[in-house]
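A short worksheet on the structure shown next.
The analysis underlying the following values was restricted to heavy atoms, covering all of them including side chains, and did not include hydrogens, waters or symmetry mates. Being a predicted model, the structure only gives us computed values, none of them experimental. Just so it is clear: chains get the letters A, B, ... in the order the sequence lines come, proteins before strands, and each one is counted from 1.
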Protein chains: 2
Amino acid sequence: MNEDTHLRVLRLVEQNPGISQRDMARELGVSLGKANYCLRALLEKGWVKARNFKNNDNKLQYAYLLTPSGIENKTRLTANYLQAKMAEYERLRVEIEQLKEEVVASGHDAS
Amino acid sequence: MNEDTHLRVLRLVEQNPGISQRDMARELGVSLGKANYCLRALLEKGWVKARNFKNNDNKLQYAYLLTPSGIENKTRLTANYLQAKMAEYERLRVEIEQLKEEVVASGHDAS
DNA sequence: TTGTTGCGTTCATTGATTGAACGCATGGAT
DNA sequence: ATCCATGCGTTCAATCAATGAACGCAACAA
C-alpha cells in the first residue's frame with residue numbers, strides 16, 4: 001500500500017471521522033476494497049482507532065479517530081509529501097522549459 | 001498502453017534509431033516485455049517502421065525509423081503532453097501552497 | 001568448430017486493484 | 001409486530017497491467 005494513500009486517508013479521517021469506507025473510496029478515487037485494505041492497515045499500525053458510532057456493542061457504523069501516533073505520523077508524512085512535491089515541481093519546471101524549446105523548434109521546421 | 005510511454009518511445013527512436021528493445025526498456029524504466037509491446041503498437045499504427053540493420057533478409061537487429069505519420073503524431077502528442085504538464089505544474093503550485101500553510105499551522109500547534 | 005553475446009519474441013507468473021455479493025443493523029412504512 | 005429498503009464493513013474470485021526468464025536465431029571471436 002502506498003504512503004500517499006495513507007496520508008490521504010489520514011486527512012479524510014481527521015476532517016470527517018464519521019466518513020464511511022464507501023465515501024472514502026469515492027473521495028480517493030479507488031475501489032471500496034482498497035479503501036478498506038488501507039484503513040485496516042492504519043488500524044493495524046495504531047494510527048487510527050475505530051469507535052462504535054451509535055450503540056456501544058454493535059459492530060458496524062464506526063467513527064474513525066486519529067490516535068496521537070496517527071497525528072504524529074500524519075505530520076511526518078505531510079512533511080515528506082511536501083518535500084517530494086516541491087522536488088517534483090522543480091523537475092516539472094525544467095521539463096516544461098525543455099518541451100517548449102522542442103515545440104518551438106519543430107514549429108520552425110514545419111513552417 | 002499509455003500515450004506518454006508511446007511518446008517517450010517515439011523520442012528514443014528518433015534520437016537513436018539503432019536502439020535495442022532492451023536499452024529502450026532500460027531507458028524507460030520498464031520491462032523488456034512492455035517495451036516490446038509498446039513498440040509493436042507503434043509499428044501496428046504505422047508510426048514506426050523497422051528496417052533490417054545489417055543483412056537485408058535477416059530477421060533481427062532492426063533499425064526503427066519514424067514514419068511521416070509518426071513524426072506528425074509525435075508533434076501532436078508532444079503538444080498534448082506539454083499542455084498536460086503545464087496544468088499539472090499549476091495544480092502542484094496550488095497544492096504546495098496549501099501544504100505549506102498546513103505544515104506551518106501544525107508546527108504552531110506543536111510549539 | 002564452438003562458445004558467447006545480443007537480438008526480438010513469448011508467456012506463465014505476479015501483484016495490485018476491482019466491485020459484486022454477503023451478513024448484519026437500522027429505521028421507516030404498513 | 002412485520003416487512004422492506006438502505007447503508008455499513010467485510011470478503012474474495014476475477015481482472016489486468018507488468019514482469020522477466022527462457023527461447024530460437026544471427027553474428028562474431030577464439
Using atom [atom1] of [X] as one end and atom [atom2] of [N] as the other, report the distance to the nearest whole Å.
X	N	atom1	atom2	result
B/D4	D/dA17	CG	P	16 Å
B/R51	C/dG8	CZ	P	17 Å
A/L43	D/dG9	CG	P	11 Å
A/L39	D/dC8	CG	C1'	13 Å
B/Y37	C/dA12	OH	P	17 Å

- Query: Considering residues at least two apart in sequence or located in another chain, which fulfil the side chain to side chain donor-acceptor pair (under 3.5 Å) criterion with B/R11?
  - Reply: A/E102
- Message: Which residues pass the side chain to side chain donor-acceptor pair (under 3.5 Å) test with B/E101, not counting sequence neighbours?
- Response: none
- Please report the shortest heavy-atom distance between B/V48 and B/L43, naming the atom on each side.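 For B/V48 versus B/L43, the nearest heavy atoms are O-CD2, 3.2 Å.
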Solution key, residues 79-89 of chain A side-chain donor-acceptor pairs under 3.5 Å, sequence neighbours excluded:
residue, atom, partner, partner atom, Å
A/Y81, OH, B/E95, OE2, 2.6
A/K85, NZ, A/E88, OE1, 3.3
A/Y89, OH, B/Y89, OH, 3.4

- So, is A/N36 near the phosphate of D/dT10, with a side-chain N or O under 4.0 Å from OP1 or OP2?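 Yes.
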- Closer than 4.0 Å, any side-chain N/O of B/Y64 to the OP1 or OP2 of C/dG8? yes
All N/O donor-acceptor pairs, side-chain side in residues 32-39 of chain A, below 3.5 Å, sequence neighbours left out:
residue, atom, partner, partner atom, Å
A/N36, ND2, A/Q21, OE1, 2.8

- Query: For residues 19-34 of chain A, which residues have at least one heavy atom under 4.0 Å from DNA chain D?
  - Reply: A/S20, A/Q21, A/R22, A/L32
Side-chain donor/acceptor pairs under 3.5 Å, residues 22-29 of chain B, sequence neighbours excluded:
residue, atom, partner, partner atom, Å
B/D23, OD1, B/R26, NH1, 2.6

